[in-house]
Amino acid sequence: MQVLIRANYDEMSKEAAGYVSSEMRKKVKFVLGLATGSTPLGLYKELIRMHKEEGLDFSNVTTFNLDEYYGLSPTHEQSYSYFMWENLFKHVNIKKENVHIPDGLAKDVDKFCEEYEHMIEEAGGIDLQVLGIGSDGHIAFNEPISSLGSRTRLKTLTEETIKDNARFFKDESEVPRYAITMGVGTVFEARKTVLLASGAKKAEVVAKAIEGSVTASITASALQLHRDTIVVLDEEAAGKLKRKEYYKYVDKMVKEFNK
Ligand code: GLP
């Protein structure tokens, strides 16, 4: 795991965009795993800028989103599908048929989840998965005690997550209680993962996920076992890391080594 600490949200987003775009340019057909929430918005903004100003090409990119609220149609303004089209897809040259987001209206949920896993496999697996972290330590919607081997399935959201996400809805009662989410095991199979976190509110859970024990109670901690994970934080989110200075030193040394 490499931990990169940047001065603020903008710098964090630019760092992540630099990484994602350079990986995208390495492969003709690239499979990109995407996340929602407010954290990756700056990354998406920067990818759009790179597409418009630097020719970053999405025509051969296939995407898989981590999760979707169960019960929301893709046209609902708070659905993750709507979010992705508004904040990334409609601004770049991605092919509609290459976009995959769990179907929040799936009738046979188990069947849908199995198919989603199959589609990822058919696409050749995820090359790079973008992740955020929930305040209860979840990645995607893998709430505490989700099996670290879990696959795409329906999850019941915690009260904490419902409260956190209520800010996007008119009222807390409107927040869906379930979501379809990739499992921790699904995320784990991505060849590379990049976890983003910003702001003081995330500092405690980030420290637990990176420096605490690997535990299903904080599903982001499973990334400690992943072969190729980069964590990009702003100073505030890095605020409670014990070895913060060491991570900064490593960052500097890696750059020096690669000169
Ligand atoms: C939701 C999403 C997660 C995301 C988390 C954090 O619960 N399912 O994928 O990481 O929110 O959101 P934010 O970035 O807004 O803090």
Side-chain angles (χ1 to χ4, degrees), residues 8-10 12-13 16-17 20 32-46 63-72 76-84 86-88 100-104 113 116 126 128-144 146 150 152-169 172 174-184 186-188 190 193-210 218-223 229-234 236-239:
N8 52 43
Y9 179 77
D10 272 4
M12 176 204 79
S13 303
V20 172
L32 180 59
L34 294 168
T36 50
S38 33
T39 312
L41 279 172
L43 158 66
Y44 297 157
K45 229 169 134 186
E46 183 63 9
T63 63
F64 286 92
N65 261 79
L66 287 169
D67 46 15
E68 177 61 284
Y69 287 118
Y70 187 66
L72 296 194
H76 189 290
E77 284 190 15
Q78 294 315 327
S79 74
Y80 284 170
S81 182
Y82 189 89
F83 174 100
M84 287 311 305
E86 282 304 302
N87 294 301
L88 179 62
H100 304 88
I101 302 171
D103 178 5
C113 293
Y116 202 67
I126 294 170
L128 171 60
Q129 177 66 57
V130 175
L131 296 163
I133 183 168
S135 61
D136 63 7
H138 69 222
I139 43 170
F141 266 132
N142 291 288
E143 298 288 37
S146 287
S150 52
T152 304
R153 69 217 182 287
L154 186 83
K155 277 301 287 180
T156 304
L157 305 182
T158 59
E159 226 182 295
E160 195 174 343
T161 298
I162 291 167
K163 282 201 161 57
D164 280 350
N165 294 355
R167 69 187 194 276
F168 300 111
F169 293 81
E172 196 180 306
E174 284 182 18
V175 184
R177 266 45 184 169
Y178 304 99
I180 293 179
T181 179
M182 278 187 205
V184 183
T186 320
V187 170
F188 204 79
T193 69
V194 56
L195 175 78
L196 308 181
S198 152
K201 260 178 76 185
K202 295 282 171 75
E204 199 165 324
V205 81
V206 161
K208 281 184 186 158
I210 296 175
I218 304 219
T219 53
S221 68
L223 295 173
T229 288
I230 292 188
V231 180
V232 192
L233 307 171
D234 62 12
E236 286 188 353

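These numbers were taken from a predicted model, which means no experiment stands behind them. Residues: numbered from 1 along the sequence shown. In each ligand, atom 1 is the first atom listed, and ligand 1 is the first ligand listed.
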Which residue and atom name correspond to the protein heavy atom nearest atom 16 (O) of ligand 1, and how close is it? K202 NZ, 2.5 Å

Is the number of heavy atoms from other residues, nucleotides or ligands within 6.0 Å of CD (E204) greater than 12? no

Measuring from non-hydrogen atoms of H138 to any atom of ligand 1, is the shortest distance under 4.0 Å? yes

Once you restrict to heavy atoms under 4.0 Å, what part of R167 touches ligand 1? Side chain, backbone, both or neither. side chain

Quick check against the 3.5 Å criterion: does E236 have a side-chain atom that pairs as donor or acceptor with the backbone of S198? no

Among T39, L34, L157, which one has a heavy atom closest to atom 14 (O) of ligand 1? T39

Answer with yes or no after comparing the ring centroid distance for Y116 and F64 against a 6.0 Å cut-off, counting only values under it. yes

For A140, is at least one N or O under 3.5 Å away from an N or O on ligand 1? yes

Exercise: do T156 and E143 side chains pair donor with acceptor under 3.5 Å: no

Go through ligand 1 atom by atom and flag the ones less than 4.0 Å from a non-hydrogen atom of G132. 10 (O)

Please verify whether a non-hydrogen atom of K155 lies at under 4.0 Å from ligand 1. no

Please state which protein non-hydrogen atom is closest to atom 12 (O) of ligand 1 and give its distance, to 0.1 Å? G37 CA, 3.9 Å

Checking a contact table here: which protein heavy atom is nearest atom 8 (N) of ligand 1, and how many Å away? D67 OD2, 2.8 Å

For ligand 1, does A35 get within less than 4.0 Å through its side chain, its backbone, both, or neither, judged by non-hydrogen atoms? neither

Should the proximity of Y80 to ligand 1, defined as any heavy atom under 4.0 Å, be assigned to the side chain, the backbone, both, or neither? side chain

Given 3.5 Å as the limit, does a donor-acceptor pair link the side chain of E172 with the main chain of I162, or not? no

S13 and E46: side-chain donor and acceptor closer than 3.5 Å? no

Between F83 and Y69, does the ring centroid distance fall short of 6.0 Å? no

Suppose we measure from atom 6 (C) of ligand 1 to each protein heavy atom; which comes out shortest, and what is that distance? I133 O, 3.5 Å

Ligand 1 N/O within reach of T36 N/O, cut-off under 3.5 Å: no

Spacing of L195 atom CG and L233 atom CG [to the nearest 0.5 Å]: 7.0 Å

For a quick check under 3.5 Å, do T219 and S146 share a side-chain donor-acceptor pair by atom type? no

Close-contact set for ligand 1 against N165 heavy atoms, below 4.0 Å: 1 (C), 7 (O)

